[in-house]
Amino acid sequence: MDVRWPPSSRPLLGVCTFVCLASAAFLGHVLLHDFLVVPQEQRGFSQVPEELYRARQQGASDPGPQPTPGHHGSPRAAPTQCDVPPNSRFDCAPDKAITQEQCEARGCCYRPASQWPQVPRMGQPWCFFPPSYPSYKLENLTTTETGYTATLTRNTPTFFPKDILTLRLDVLLETEGRLHFTIKDPANRRYEVPLETPRVHSRASSTLYSVEFQEEPFGVVVRRKLDGRVLLNTTVAPLFFADQFLQLSTSLPSQHITGLAEHLGSLMLSTNWTKITLWNRDIAPSPNVNLYGSHPFYLVLEDGGSAHGVFLLNSNAMDVVLQPSPALSWRSTGGILDVYIFLGPEPKSVVQQYLEVVGYPFMPPYWGLGFHLCRWGYSSTTITRQVVENMTRARFPLDTQWNDLDYMDAKRDFTFNEDGFRDFPAMVQELHQDGRRYVMIVDPAISSSSPPGSYRPYDEGLRRRVFITNETGQPLIGKVWPGLTAFPDFTSPEALDWWQDMVSEFHAQVPFDGMWIDMNEPSNFVKGSVDGCPDSDLENPPYVPGVVGGTLRAATLCASSRQFLSTHYDLHNLYGLTEALASHRALVRARGTRPFVISRSTFAGHGRYAGHWTGDVWSSWEQLSYSLPEILLFNLLGVPLVGADICGFLGNTSEELCVRWTQLGAFYPFMRNHNDLNSLPQEPYRFSETAQEAMRKALALRYALLPYLYLLFHRAHVLGETVARPLFLEFPEDPRTWTVDHQLLWGAALLITPVLEAGKVQVTGYFPPGTWYNLQTVPGEAFGSLPPPPRPPLTPAIHSKGQWVTLPAPLDTINLHLRAGHIIPLQGVCIGQSEPSAVGCPVDPAFLQHGAVPAQCLSCPDCGCLCQA
Ligand code: MIG
């Protein structure tokens, strides 16, 4: 061992002063009786080789009242150090509401907040940890090839059952910009997320960060070396590591935080007591509920425009709590603590560094970027063909036609019905002959009630043991569209092969091009299973995150059900990801070309295999507006192929809403109009000629820009960049961009300012400093046959000092501005041609510079037209 420990007892005042001053705001009085251990090479004390430093504050001799050690739940003396500012209080009763006596019995402070004015959904905790609350102690810190290792011990159990009193900390200085640490049980192997992550064998030779350890109570402090800013400080609250409750809290250097999908709301999260629950769930998106996907990653913008990110690689049900100090607490119900910190310093680099860990996005086929049309209720091949024909007649481009459940026989996967879909294979072949592609829905749940020998997917699945099992070892049976169903376990290698076989066999009959994987949270119409769930710790954990329905089995499977890699309790949030992986692989095998998979459920790393649509959104202006931050968020998470159902899914759309949604949808990286079974039709050709003309124009813009979009996807695929970007990614040094989430950029060059409200013919958008050229100086007739309605002239260029600009936005217009100094490739547009398609168009070598958009380029009358700047 080349590190001396315990460290020498000489007081290192220099270090102490520096550390304490710089971090006083974050450590607060917690530090007053603590040790801080500073690995020397992190602090530039290279003249004192291989020595660790210990800083000791005055006052350390008064540790405050000592809680009585004892077993779980034993009463303790009420603490006296309760003088904690309300915003810095960490909840000592996260599991349930408790009385003052119960709170004090936990060794915590009780200070009820005033009842009036009414506190919102969540406010400052009434029961909170005193600084002296017992936590772990760091021991035996040693250096390793990759960083450090240490033991963490706790003497006093917490109020959760099965504390793991001895833990192992491993800290890995993986790259210059990436720090990684894990906290595990050294004695018993616990579940870990089976995501392939980079393995390093030596520590980075230079780093943007420094790491310090507080000995007792244990904590990690990570700083940005450049300015000493504390990015992570876990000393702010005690560490919990019980079998089913793990909590790690940290201060945040600013309240500008985004990430933590999937949720509905603004791109920047509120730190005013916000709880985000990650437990994948089938539910129509609304604010403050757990949705279809889980991405335990956040990005923080710091003063000056630097950014950092943190990823907790943990797939168990969890809450993430944000509070105004500002601080964040991860509360997970299992697994281990596996934390990555990304130092940026540009926000773009943070995204890249995160994607280096979870994987860069897959490269979609070009046709996947064209227009997709779908609805639930295209009940026959005749109707589906008619829709395609109507689109062509109305001169709308359509690259990919879709079908929902309607094609299936008794709603069973890998079948098609004889009523309306007898000639299903022929229909798909015709689509191909016309240069189009075809995608259909596939649900994971496999019908289990067909007579034996009559439904091969189930028979084969049973024989090959691919299904998730219940406590008796039998397939767990739930209820989904086909009735009784079993659920494939996509963590099992045999299930991957079985899925591949089912996909290939079906593909041999119906040559589909892509898969739409729905209901993969997984969704279940009964709670847990048709037989309920057993009574166990997994079913009734001591801490239940804020899930809709109040129980983990709500709308899904029993947590205690068994999968190949672990329990469903651990693996639930990975169901969509693993099905996406299985489907991606299966498509490659069946088709031999780049696959196309769109999934409802997602987890960190999803973009490597598939895209995402945002689920069952209402046809409302509110949902139109929410779709923008969602699309931006998924781009930050490495899932660039994302879009919301254009014109809305649930409920009836209106003409104006559908026009505005088509305009914004033309700038979703994934563009699909999809509709619910019982809603009024909303295909583009259903509306007035004026509305259609506006939609055609939006589509023409997208199609003209497809080479640029394709280029952006390629850069995302090979470099870990984003496609649809929030403004802060390009202009981080301009804090006015940070909260902008009603505009988006495509790449670095194109600023899109949509109308998101009813009855508006003007829109106000933020224009970062610089010159911005209007991309549509061409008249409206360029995009269709009819003359444009009278309207105010569009401003040709904006010279912005960084300001909000109000622009004309008549119904046929979505504002597009090209950033000065950028070049984007365009292609000739085939809108209005007999065979409109992205692939049918020769990619045009036109390059635009400095916003000089030649009119003929966007009004290109023929497919073959060559546009030149
Ligand atoms: O329980 O397949 O989000 O897009 O049309 C509803 C029927 C099942 C939910 C999907 C939606 C799809 C619908 N599905």
Side-chain angles (χ1 to χ4, degrees), residues 262 264 280-286 289-293 372-379 383-384 387 400-417 420-421 439-447 478-485 487 512 514-527 548-549 554-557 575-576 579-580 583 597-602 610-620 623 626-627 630 634 642-653 661 665 668 670-683:
E262 188 173 6
L264 208 64
N280 296 352
R281 155 92 199 205
D282 175 1
I283 190 171
S286 65
V289 300
N290 50 307
L291 300 182
Y292 311 108
H372 301 256
L373 184 59
C374 187
R375 87 160 286 164
W376 189 5
Y378 290 151
S379 53
I383 287 171
T384 311
V387 168
T400 310
Q401 179 61 40
W402 296 42
N403 276 111
D404 205 319
L405 297 170
D406 310 271
Y407 76 88
M408 295 179 184
D409 179 26
K411 301 201 171 71
R412 293 174 307 173
D413 278 351
F414 309 117
T415 68
F416 55 95
N417 66 65
F421 284 83
V439 173
M440 81 280 146
I441 199 167
V442 179
D443 287 350
I446 296 294
S447 166
K479 243 187 203 165
V480 196
W481 288 109
L484 299 178
T485 55
F487 297 82
F512 56 88
M515 290 168 75
W516 169 25
I517 53 176
D518 187 21
M519 306 297 276
N520 51 356
E521 292 68 32
S523 179
N524 183 2
F525 297 164
V526 295
K527 257 189 200 171
V548 173
T556 193
L557 313 185
Y575 199 84
E579 192 198 12
S583 305
V597 178
I598 295 290
S599 174
R600 195 168 68 180
S601 185
T602 64
H612 172 59
W613 97 102
T614 63
D616 296 352
V617 299
W618 284 92
S619 298
S620 70
Q623 289 280 348
Y626 276 138
S627 74
E630 261 241 271
F634 272 91
V642 56
D645 285 345
I646 288 167
C647 305
F649 175 75
L650 299 171
N652 295 329
T653 198
W661 211 321
Y668 291 158
F670 166 55
M671 183 185 193
R672 181 184 73 159
N673 177 327
H674 173 47
N675 198 2
D676 196 4
L677 180 60
N678 298 309
S679 311
L680 291 176
Q682 62 183 33
E683 296 85 1

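For ligands, and for the atoms within them, numbers begin at 1 and follow the listed sequence. A quick note: this is a predicted structure, and the numbers were derived from the prediction, not measured.
Taking the charged nitrogens against the carboxylate oxygens, Asp404 and Arg375 have no contact shorter than 4.0 Å, which rules out a salt bridge.
Here Arg412 pairs with Asp409 under the salt bridge (Lys or Arg N to Asp or Glu O under 4.0 Å) rule; sequence neighbours left out. Applying the salt bridge (Lys or Arg N to Asp or Glu O under 4.0 Å) criterion to Glu521, with sequence neighbours excluded, gives Arg600. In terms of the side chain to side chain donor-acceptor pair (under 3.5 Å) criterion, residue partners of Ser599 (sequence neighbours excluded) are, by chain and number, Asn520.
The protein residues lying under 4.0 angstrom from ligand 1, judged by non-hydrogen atoms, are Trp376, Asp404, Leu405, Ile441, Trp481, Trp516, Asp518, Met519, Arg600, Trp613, Asp616, Phe649, His674.
Without hydrogens or angle criteria, Asn524 side chain to Lys479 main chain gives a donor-acceptor distance under 3.5 Å.
A donor and an acceptor atom, one from each side chain of Trp661 and Tyr668, are located under 3.5 Å apart.
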